[in-house]
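Notes for the one structure printed next.
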2 protein chains.
Amino acid sequence: MRADARENRARVLVVARELFAERGLEVPMAAIARRAGVGVATLYRRFPTKETLVMEAFAEQFAVCQGVMDDALKDPDPWRGLRTVIEKVCLLQACDRGFTAAFMASFPDLHSEARDRTWLGFVALVQRAKDSGHLRADFSPHDLTLVLVANGGLSSLPAEVAVASSRRLVAYLLESFRTGTDVLPPPVPLSLDLVLG
Amino acid sequence: MRADARENRARVLVVARELFAERGLEVPMAAIARRAGVGVATLYRRFPTKETLVMEAFAEQFAVCQGVMDDALKDPDPWRGLRTVIEKVCLLQACDRGFTAAFMASFPDLHSEARDRTWLGFVALVQRAKDSGHLRADFSPHDLTLVLVANGGLSSLPAEVAVASSRRLVAYLLESFRTGTDVLPPPVPLSLDLVLG
DNA sequence: CCTCAAGCGGACGGGGGTCTCCACTTAGCA
DNA sequence: TGCTAAGTGGAGACCCCCGTCCGCTTGAGG
């Protein structure tokens, strides 16, 4: 690949990340091209479809996500691990308007084996947190999805407000997860696949 | 107005409510017209813009909303009033995919005097609930908006799942509102106007 | 039954989105 | 420096949306 082409490709990715974070995935390809100082054709030569660009742009954050989960699984204090997963992923969602949408969209594509492994890990983490006595007994692993979808709703807010709101929402929820004593409505087997209809 | 015209108008409204509830406001006008068995022109003659149709279709639910708030303000038990407001409005949101969007969109248009009066009433309700000892002291009236926006995120789910999820989310949150003892991140002055940018 | 205004629906204009085609430019090597 | 393949950008094909125009249809009063 020629040097100028490589440079253009990199600039497109940077700009795409910026715009997706600011305005969400519905930002037009033409806007990305313009801000990157290239033509649309250049953009489409490097990324055959918009979806390709989105996935490439968010690959890094998906990896961060995976890392957060892995760290949590290794944490000797399962409650702290659980708390941290929720806090960090929700913060990612709140900071980046496109992240939630990209995450949902990519979900069916993610290699299902890795997905299942992560999920089973999380289920185990939940069980350990319950055994440790810090997590309410009627917490369901599906509540993670519930939190993610609800927190995703905040991404329609302006960035700073979204972050502050998310922090407060998560704090409320974690407190409920920890100290719960009342009877809750039953958990919902809430897979992210459902979001797509 | 001729009899057939009146009938068509009514059928359009019914169909519009159905489709908005199922698929959200982004359902095309042509789809509504088709399902109502009329042409687009007919639809536009009765409702000059899509926004008009949306407002007309949701007018009833807005009235319900206002009624819920009024009832809550009259409830002698302020904590029950507060709980009920949150539960009922969140249920409305979860049942109807278009409701949240219509509510947000209509917000700037609603006669601001009525809006402010309702808001001040809610602030008073919050204070009374705190005084009664059932609501945590650091609850902010802005947290109502936080709950609405977060719960609105669930409307991307299929209807039945959304309702069950919303119920559980609200239960978690209400429990936190009631029994709170920990220090929360500061409340965010979160007006619905912010959603629009 | 006849009339005609009210009502109707499909074709169309305008705008904005994704993605393609093609004539021109330029990096990089001999 | 000259050649060439890789790279480029803008015009435009195609699609979907909102909203309008206009010739045809029909309800309902005399």
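All heavy atoms count here, side chains included; hydrogens, waters and symmetry mates do not. Below, read A as the first sequence line, B as the second, and so on, with proteins coming before strands; counting in each chain starts at 1.
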*Can you check the A:Asn8 CG to C:dT25 P distance for me, whole Å?*
17 Å

*Rounded to whole angstroms, how far apart are CZ on B:Arg11 and C1' on C:dG7?*
13 Å

*asked:* For nucleotides 25-30 of chain D, give me one character per nucleotide, 5' to 3': B if any protein heavy atom sits under 4.0 Å from the base, S if the only such contacts are to the sugar-phosphate, - if neither.
replied: -BSS--

*Do the side chain of B:Lys130 and the main chain of B:Phe139 share a donor and acceptor less than 3.5 angstrom apart?*
yes

*Would you call A:Arg23 and A:Glu18 a salt bridge, using N to O less than 4.0 angstrom?*
no

*asked:* Ignoring hydrogens, what is the shortest heavy-atom contact between A:Tyr172 and B:Ser176? Give both atom names and the distance.
replied: O-OG, 2.7 Å

*Where along residues 36-49 of chain A does a heavy atom fall under 4.0 Å from DNA chain D?*
A:Gly37, A:Val38, A:Gly39, A:Ala41, A:Thr42, A:Arg45, A:Arg46

_If I take atom CG from residue A:Leu169 and atom CG from residue B:Leu173, how far apart are they, to the nearest 0.5 angstrom?_
6.0 Å

*Start with the C-alpha gap between A:Gln93 and A:Ser166, add the side-chain angles, then the distance that decides, and say whether side-chain hydrogen bond (donor to acceptor under 3.5 Å, both in side chains) holds.*
CA-CA 9 Å; A:Gln93 278 188 303; A:Ser166 169; over 6 Å; no

_Whole angstroms only, please: what is the CG-P distance between A:Leu53 and C:dG17?_
16 Å

*asked:* If hydrophobic clusters are built by linking Ile, Leu, Val, Met, Phe, Trp and Tyr wherever their side-chain heavy atoms come under 4.5 Å apart, do B:Leu82 and B:Trp119 end up in the same one?
replied: yes

_Pairwise side-chain contact, A:Phe177 with A:Ile86, heavy-atom cut-off 4.5 Å (strictly under)_ = yes

*Hey, is the main chain of A:Val161 close enough, under 3.5 Å, to the side chain of A:Ser165 for a donor-acceptor pair?*
yes

*asked:* Quick check on contacts: within residues 19-33 of chain A, what sits under 4.0 Å from DNA chain D by heavy-atom distance?
replied: none

*Considering the options A:Arg46, A:Lys50, A:Arg9, A:Arg17, which one meets the salt bridge (Lys or Arg N to Asp or Glu O under 4.0 Å) requirement together with A:Glu56?*
A:Arg9

*If every non-hydrogen atom of B:Ala94 is compared with every non-hydrogen atom of B:Val163, which pair is closest and at what distance?*
CB-CA, 3.9 Å

*Between C:dA11 atom C1' and B:Arg34 atom CZ, what is the distance in whole Å?*
16 Å

